[in-house]
Amino acid sequence: MLGRDIVALHRPVEGTARVRVVVIGGIHGNEPVSPPIVRALVDVPMPTDIEVWLVPEMNPDGVEAGTRANANGVDLNRNFGWGWAAYDGGPAPFSEPESTAVADLIIRSEPHVAVWVHQPLDYISSIGSTPDSFEEAWAAGAGLPVRRDVTQHGGGESWTNFTGGYNSMLIEANGWDATPEMVAAHRNGFAALIALFG
Ligand SMILES: [Zn+2]
């Protein structure tokens with residue numbers, strides 16, 4: 001909104017990708033653990049035909065300011081089109097450039113799974129029709145509990161599955177500081193998810 005770029009780290013493949021994965025962090029700028037967790041996934045070993053996009057800071061202005069909302073004062077995880085509500089979702093669904101940009105990335109990449117990283121509620125959830133094996137793999141790898149059937153009106157993770165039809169996961173990291181142990185735990189969770197794709 002203030003002109004800061006939303007950066008996506010892209011792990012390309014030669015030819016056609018067999019599996020495509022998108023991971024988004026920094027959705028709420030006052031959640032400092034998710035950008036380092038997402039950045040740390042960049043060198044997780046995986047087969048060469050898996051294509052990955054990592055967005056450590058969906059809300060760069062909020063991260064800079066330390067605010068939950070973006071520079072317009074809109075909570076980006078209420079601004080997506082699924083279940084959007086006027087009382088907390090901003091002026092309209094997808095009114096914000098950050099939600100539009102990330103939705104475009106998901107639509108264009110057609111991911112086998114999109115992963116949305118928040119804090120600090122301490123659970124892993126597969127959204128909607130997303131296989132339970134996804135949440136179970138990440139939860140086991142990271143040492144966090146599973147929470148079934150989470151929904152969030154206006155939420156990116158909910159829009160991804162319920163509107164987009166793509167598998168979607170919500171990661172709620174446990175705590176407020178991105179300790180090396182926490183980052184390593186979520187690397188393990190991500191690796192366990194990737195292992196499901198063979
Ligand atoms: Zn959040």
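Just follow the structure's listing: the first ligand is 1, and inside any ligand the first atom is 1.
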| task | For residues F134 and H112, establish whether the separation of their ring centroids is below 6.0 Å. | result | no

| When you check the gap from the basic side-chain N to the acidic O, do E57 and R39 get nearer than 4.0 Å? | yes

| remark: The expected count of protein N/O/S atoms at less than 2.8 Å from the Zn ion (ligand 1) is 4

| Do the side chain of D75 and the main chain of A69 share a donor and acceptor less than 3.5 angstrom apart? | no

| request: Indicate the ring-plane relationship of F80 and F94, choosing parallel, tilted or perpendicular according to the 30° and 60° boundaries. | output: perpendicular

| request: Check the side chains of E96 and N70 for a donor-acceptor pair under 3.5 angstrom, ignoring hydrogens and angles. | output: yes

Please set out all donor-acceptor pairs under 3.5 angstrom arising from side-chain atoms of residues 185-198, sequence neighbours excluded.
| residue | atom | partner | partner atom | Å |
| --- | --- | --- | --- | --- |
| H186 | ND1 | W138 | NE1 | 3.1 |
| R187 | NH1 | A40 | O | 2.7 |
| R187 | NH1 | D43 | OD1 | 2.5 |

